Protein chains: 2
Amino acid sequence: MRRTAFFISDGTGLTAEALGHSLLAQFEKIDFERVTVPYIDDTEKAHEMVKRINEAAETDGARPLVFDTIVNSDIRDVIAGGDGFMVDIFGTFLNPLEQELQSSSSYSVGKSHAINNAGRYERRIDAVNFALDNDDGARTRHYDEADLILVGASRSGKTPTCLYLALQYGVKAANYPITEEDLDDQSVPAALRPHKQKLFGLTIDPERLATIRNERRPNSRYSSIKQCMLEIEEIELMYRRERIPYLNTTAYSIEEISTRIMVTTGLKRNR
Amino acid sequence: MRRTAFFISDGTGLTAEALGHSLLAQFEKIDFERVTVPYIDDTEKAHEMVKRINEAAETDGARPLVFDTIVNSDIRDVIAGGDGFMVDIFGTFLNPLEQELQSSSSYSVGKSHAINNAGRYERRIDAVNFALDNDDGARTRHYDEADLILVGASRSGKTPTCLYLALQYGVKAANYPITEEDLDDQSVPAALRPHKQKLFGLTIDPERLATIRNERRPNSRYSSIKQCMLEIEEIELMYRRERIPYLNTTAYSIEEISTRIMVTTGLKRNR
């Protein structure tokens, strides 16, 4: 069975999409064709949208699901006139919130992902630049400024996690790869010792690590399962001995890894 | 007036937070204290949560707003027993969706940001690595693989946009800085010419560019308003002459820039 799901917004559509995906993830048996349509911000575009909704209804032989975060009720009314099943987020929650807050909505468009606070926005961009400048142990002299230093074997997920922490939370995260040489003296590498309280370790199943490394350097010692097992074993031993909090990333997405790091470390978002 | 708003989830809390922020952005006059609480996945944690909600109610002298995306209705019921004003996303929409889809929800937790499709997830990570490897004109030999090549003056927002496009959409975006030397021959730089159809230009108000550059290299020629005006004027002239689609990023967040690029280019997400 196949159904079309539209995520429609007068802004970027990111909120409608996030909510829609969350709800649809509960219906695993149905094959959804997902379509995000941002910037539906006048009634003319809304009428065009209704045509697309009605075409999908005809093709699928079933009403498309329509998740919308459109602020303007005139535009929303046009969309609701189509053959879709409406999951109308602002229509459902805005009025009860107005009552509860005894305040009227400003009905202003595109607020969710606008730059509402320039200082906070710049901290996110600064955090992205910090992650890039302090990636892969490239420099260690800025670790004083870091909120967090991710450590782990090469290809255990440090860089994407640092970038996500910067973009989503404005957290300044550096990362440092633990190499074989580092493991020889069985303790925290010298460059990291003054910042031990900022360390968070990543680990990963050796089989998965070998697969990932093989994509970069096929059939090398670096990518061999033997080498991966050795590194991961020694690294986990070091984490436990040095009481560095750590997480096995194998089954987790970047979003989950990042959220768990925020919870475990108690770091506050900076945006 | 001050109100606490909780974003509570059995998963990462990213969806509850995105939706809550969207709705609260409509109430500009109220000063919200925003608290995200992920991983409330058993009734014991839910009872702890109720204490926090009730404490906030007492401190604020008003009910906190509670935006939740908890799948399990037993846990949700505990939360609803607190002194909060519930914006209960799954409670509101899941049942009507079950009816419409004639299918029951799997009531499985943490689906929104889980790795549901390993292939798609790896494409996102590959896209992040691609953005890093092809940042700032570092290499041009992989441009065949690129979905998009962002061009623009130094510090006009290319790198954070490429990383966001990778993380959010799985799009492989390279970026290439247009320098003064490139502008001398008044056309597309040689390395970019074979890929002209993949180019998208960023521009930015010269005053804003000078401010950003001054943070990196204060009082330099590079950061002077005169230099910024000159570069931006020539770059915009080149975009128009070469018919490269472009966007002024001054007033836009990374999310907005990225969404507008997706819409303008018609690129399809790869996740």
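Lettering follows sequence order; numbering is per chain, from 1. Note that the structure is a prediction, hence the values are computed from the model and not measured.
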Considering only heavy atoms, which portion of [X] lies under 4.5 Å from any heavy atom of chain B: side chain, backbone, both, or neither?
{"X": "A/Glu122", "answer": "side chain"}
{"X": "A/Ser104", "answer": "backbone"}
{"X": "A/Asp136", "answer": "neither"}
{"X": "A/Ile125", "answer": "side chain"}
{"X": "A/Arg34", "answer": "neither"}

Chain A contact via [X] - side chain, backbone, both or neither, heavy atoms under 4.5 Å:
{"X": "B/Ala16", "answer": "neither"}
{"X": "B/Glu256", "answer": "both"}
{"X": "B/Phe85", "answer": "side chain"}

May I ask you to name which of [options] has the most heavy-atom pairs under 4.5 Å with chain B?
{"options": "A/Leu65, A/Ile212, A/Val71, A/Leu97", "answer": "A/Leu97"}
{"options": "A/Val128, A/Leu163, A/Thr159", "answer": "A/Leu163"}
{"options": "A/Met262, A/Glu215, A/Arg216", "answer": "A/Arg216"}

Side chain to side chain donor-acceptor pair (under 3.5 Å) assessment of A/Thr259 paired with B/Thr12:
CA-CA 6 Å; A/Thr259 306; B/Thr12 60; 4.6 Å; no
Nearest heavy-atom neighbours spanning [X] and [Y]:
{"X": "A/Val263", "Y": "B/Tyr39", "answer": "CG2-CD1, 4.2 Å"}
{"X": "A/Ile30", "Y": "B/Ser103", "answer": "CD1-CB, 3.9 Å"}
{"X": "B/Tyr169", "Y": "A/Leu14", "answer": "OH-CD2, 3.9 Å"}
{"X": "A/Tyr121", "Y": "B/Tyr252", "answer": "OH-O, 3.7 Å"}
{"X": "A/Leu101", "Y": "B/Phe32", "answer": "CD1-CZ, 3.9 Å"}
{"X": "B/Leu19", "Y": "A/Thr15", "answer": "CA-CG2, 3.6 Å"}

Please evaluate residues A/Leu132 and B/Leu132 with respect to the criterion side chain to side chain contact (heavy atoms under 4.5 Å, CB included), reporting the C-alpha separation (whole Å), side-chain torsions for both, the decisive distance (0.1 Å), and the verdict.
CA-CA 8 Å; A/Leu132 292 171; B/Leu132 291 171; 3.3 Å; yes
Is any side-chain heavy atom of A/Leu23 closer than 4.5 Å to one of B/Thr69?
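No, their side chains stay 4.5 Å or more apart.
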Considering only heavy atoms from C-beta outward, does the side chain of A/Ser106 approach that of B/Phe27 to under 4.5 Å?
no
Surrounding CD of B/Glu44 (heavy atoms of other residues, nucleotides or ligands, distance under 6.0 Å), is the total greater than 12?
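Atom CD in B/Glu44 is not crowded, with 12 or fewer foreign heavy atoms closer than 6.0 Å.
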